[in-house]
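Whatever order the structure lists ligands and atoms in, that order sets their numbers, starting from 1.
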Amino acid sequence: MIWYPYQQMKTMGAPYEIVDAEGVYLYTEDQKLIDSVSSWWSVIHGYKHPELNRAIIDQVNRFSHVMLGGLTHRPVQQLSQKLEEFLPGDLNHCFFSDSGSVAVEVALKMALQYYMNRGESQRTMILALEHAYHGDTFKTMEAGDDEDYHFVLNAYGPSPHVLHIPTQMEPLEQAFRQYHQRLNCFLVEPLLQGAGGMRMYDLAFLKRARELCDQYGVLLIFDEVATGFGRTGNRFVADLVLPDILVLGKALTGGYIGHAVTVAGQKVYEGFYDEDPNHALMHGPTFMGNALACAAALKSIELFETQDYMSKIHRIEEITSREMAGFSHPEVRQVRVMGGCVCVEVLDPAILRGYQQFAYRRGVFSRPFLNYMYAMVPYIITEAELIQVLDTMKAWFAR
Ligand SMILES: *Cc1c(COP(=O)(O)O)cnc(C)c1O
């Protein structure tokens with residue numbers, strides 16, 4: 001049997017069985033649903049996209065996978081070259097892996113080893129945000145601040161290697177003042193904290209973080225696994241503030257195949273680049289640089305650029321802001337909109353019980369969590385479809 005994610009198997013309801021999918025729609029045997037979650041925020045071009053399908057089929061007819069240990073191939077070369085042009089600044093060194101969690105692990109390993117290679121062995125501390133989510137593996141759970149993982153705290157106690165701060169200036173300044181000699185990196189989901197509750201914060205915080213990282217020689221890592229490829233209304237938040245290491249996942253392949261990349265800037269790369277074999281980056285996931293994933297990612301980025309996805313995202317933000325303007329309800333704490341993300345935060349999670357079934361009947365797939373009802377739609381959504389999603393959200397409170 002299947003053991004489903006994040007679910008108490010004893011009490012979970014039957015999941016909806018999907019038999020087909022096309023564009024923004026998921027099909028069950030008896031219903032057609034707009035996927036307002038984009039399959040965990042990844043399916044930015046929608047399902048069954050003819051060009052993405054074609055790119056994968058063409059590659060499958062050559063080969064699906066070869067390892068990167070001692071071998072290389074065109075799709076991975078083209079993708080790393082494309083990312084080099086597409087990403088800002090000197091973010092030019094691409095280390096591929098099979099999921100976002102692993103890519104964050106790689107970023108943390110890079111940052112740690114960067115300082116160990118330099119002999120600065122006191123720099124082991126990770127600065128991270130309260131409510132951070134960076135993945136489900138052990139180090140990412142430790143760097144994250146997710147209540148779901150508090151059993152780890154029970155088992156091991158609080159980590160002496162991670163410091164969590166809120167997205168406010170004073171605690172940021174204070175953390176650097178107090179710990180700068182031990183700080184290794186500052187790991188953040190920039191502007192939008194996804195799984196921690198669709199929390200949005202100000203760019204000024206990141207600008208100041210960049211200054212402090214420069215001042216004290218601390219590496220800045222952006223986990224843009226969720227925010228990358230336009231979700232915040234910026235192509236990448238890294239376009240606005242340049243990190244030393246950038247992590248991308250989720251939408252990288254247009255949601256077709258799990259793949260991720262950890263991209264290092266010049267300074268970080270040079271920290272490994274010398275005669276000493278012990279200074280090499282010791283990591284290598286079996287499926288890194290998978291040829292099908294690379295073919296999908298290349299096509300996905302091409303669509304993103306040639307079909308002006310940024311204007312699609314700005315349109316989604318405009319429509320969403322317009323439709324949600326003036327919406328309020330005694331049970332709603334706050335409505336937040338940023339780029340292709342809208343979140344209705346409620347006061348009590350019990351208020352959202354039954355919403356998924358309600359949305360299903362209205363032709364929308366939604367998966368609220370804790371106090372958060374949200375939508376992160378595929379960017380190809382039409383205005384009418386988007387309004388259907390937003391009307392469904394509002395209608396829940398008007399019952
Ligand atoms: C989803 C997510 C991850 C983990 O990615 P997986 O592919 O699920 O391992 C890491 N960081 C952020 C910000 C995410 O949203």
So if I count the atoms of ligand 1 from 1 in the order they appear, which ones are less than 4.0 Å from some heavy atom of [X]?
{"X": "H134", "result": "10 (C), 11 (N)"}
{"X": "A226", "result": "15 (O)"}
{"X": "S99", "result": "7 (O), 9 (O)"}

Starting from atom 12 (C) of ligand 1, find the nearest protein heavy-atom neighbour and note its residue, name and distance. D223 OD2, 3.4 Å
So which heavy atom in the protein is nearest atom 8 (O) of ligand 1, and how far is it from that ligand atom? S101 OG, 4.4 Å
Of all the heavy-atom pairs spanning G197 and R336, show the shortest one and how long it is.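 Heavy atoms only, the tightest pair is O-NH2, 2.9 Å.
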Checking the N or O distance criterion of under 3.5 Å, is ligand 1 in contact with W41?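 There is no such contact.
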If you measure every N/O of G100 against every N/O of ligand 1, is any gap under 3.5 Å? yes
Return yes when W40 approaches ligand 1 closer than 4.0 angstrom through a heavy atom, no otherwise.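 In this structure, W40 fails to qualify as a contact of ligand 1 - no heavy atom is under 4.0 Å.
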Could you tell me whether E189 approaches ligand 1 through its side chain, its backbone, both or neither, with non-hydrogen atoms closer than 4.0 Å?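 Looking at E189 and ligand 1, just side chain atoms fall under 4.0 Å.
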Answer with side chain, backbone, both or neither: which part of K250 has a heavy atom less than 4.0 angstrom from an atom of ligand 1?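 Side chain only.
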Given F369, which partner from the list Y355, Y374, Y6 fulfils the ring pair (Phe, Tyr, Trp, His ring centres under 6.0 Å) test? Y374
Would you confirm whether the ring centroid of Y360 sits within less than 6.0 angstrom of the ring centroid of Y16? yes
Tell me, with the steps shown, if S159 and E142 meet side chain to side chain donor-acceptor pair (under 3.5 Å). CA-CA 7 Å; S159 171; E142 191 185 338; 2.5 Å; yes
Salt bridge or not between K267 and E270? Use side-chain N to carboxylate O under 4.0 Å. no
With N290, the side chain to side chain donor-acceptor pair (under 3.5 Å) member among H65, Q59, H259: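 Single pass found, and it is H65.
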Salt bridge (Lys or Arg N to Asp or Glu O under 4.0 Å) evaluation trace for R231 with E224: CA-CA 10 Å; R231 192 53 74 181; E224 293 218 50; over 6 Å; no
